[in-house]
Amino acid sequence: MTPAQRRELVDRQHGSLSIARQCQLLGVSRSSLYYRPKGTWQQDLSLMRELDRQ
């Protein structure tokens, strides 16, 4: 089972098991539940295209 699949098993509304305990049992880091990747800025994309062009 992949880490992403294990993260999906965490029930945030579970009455008797805390999120920390569920993560411990599933072997995933608690911080990975809250991580949201940032998008790429348009300025960065245009700069990378220019570098590739050169």
Side-chain angles (χ1 to χ4, degrees):
M1 184 178 287
T2 67
Q5 290 171 324
R6 289 194 308 261
R7 280 191 298 272
E8 290 176 13
L9 294 175
V10 174
D11 181 5
R12 294 171 189 258
Q13 304 301 321
H14 198 279
S16 60
L17 281 177
S18 68
I19 290 177
R21 180 66 178 143
Q22 290 180 61
C23 288
Q24 184 181 29
L25 292 170
L26 291 167
V28 297
S29 67
R30 194 170 46 127
S31 63
S32 68
L33 291 178
Y34 303 106
Y35 175 74
R36 299 288 182 244
K38 291 184 178 181
T40 306
W41 291 15
Q42 186 62 34
Q43 184 180 10
D44 290 343
L45 290 174
S46 61
L47 181 60
M48 286 188 282
R49 277 191 220 104
E50 183 63 27
L51 290 170
D52 288 342
R53 189 180 65 77
Q54 291 182 12

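These numbers come from the heavy atoms of this one structure, side chains and all, not from hydrogens, waters or symmetry mates. Index from 1, following the sequence.
The closest donor-acceptor contact from the side chain of R30 to the backbone of C23 lies at 3.5 Å or more, if one exists at all.
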Item to check | Derivation of the side chain to side chain contact (heavy atoms under 4.5 Å, CB included) call for L9 and Q5 | outcome: CA-CA 7 Å; L9 294 175; Q5 290 171 324; over 6 Å; no

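In this structure, the separation between CZ on R21 and CD1 on I19 is 14.5 Å, given to the nearest 0.5 Å. One distance of note links CD of Q24 with CG of L17; it measures 10.5 Å at 0.5 Å rounding. Separating the OG atom in S29 from the CZ atom in R7 is a distance of 7.0 Å, to the nearest 0.5 Å.
Annotation for Q43 and S46: closest pair O-OG, 2.9 Å, computed over non-hydrogen atoms. Taking all atoms of both residues into account, the shortest heavy-atom contact from Q22 to D11 is OE1-N, 2.7 Å. The minimum heavy-atom distance linking L33 with R12 is given by the pair O-NH2, 3.2 Å.
For the side chain to side chain contact (heavy atoms under 4.5 Å, CB included) with R49, the lone residue among L47, L51, L45 that qualifies is L45.
Transitive grouping of hydrophobic side chains (ILVMFWY, heavy atoms separated by less than 4.5 Å) brings Y34 and V10 into a common cluster.
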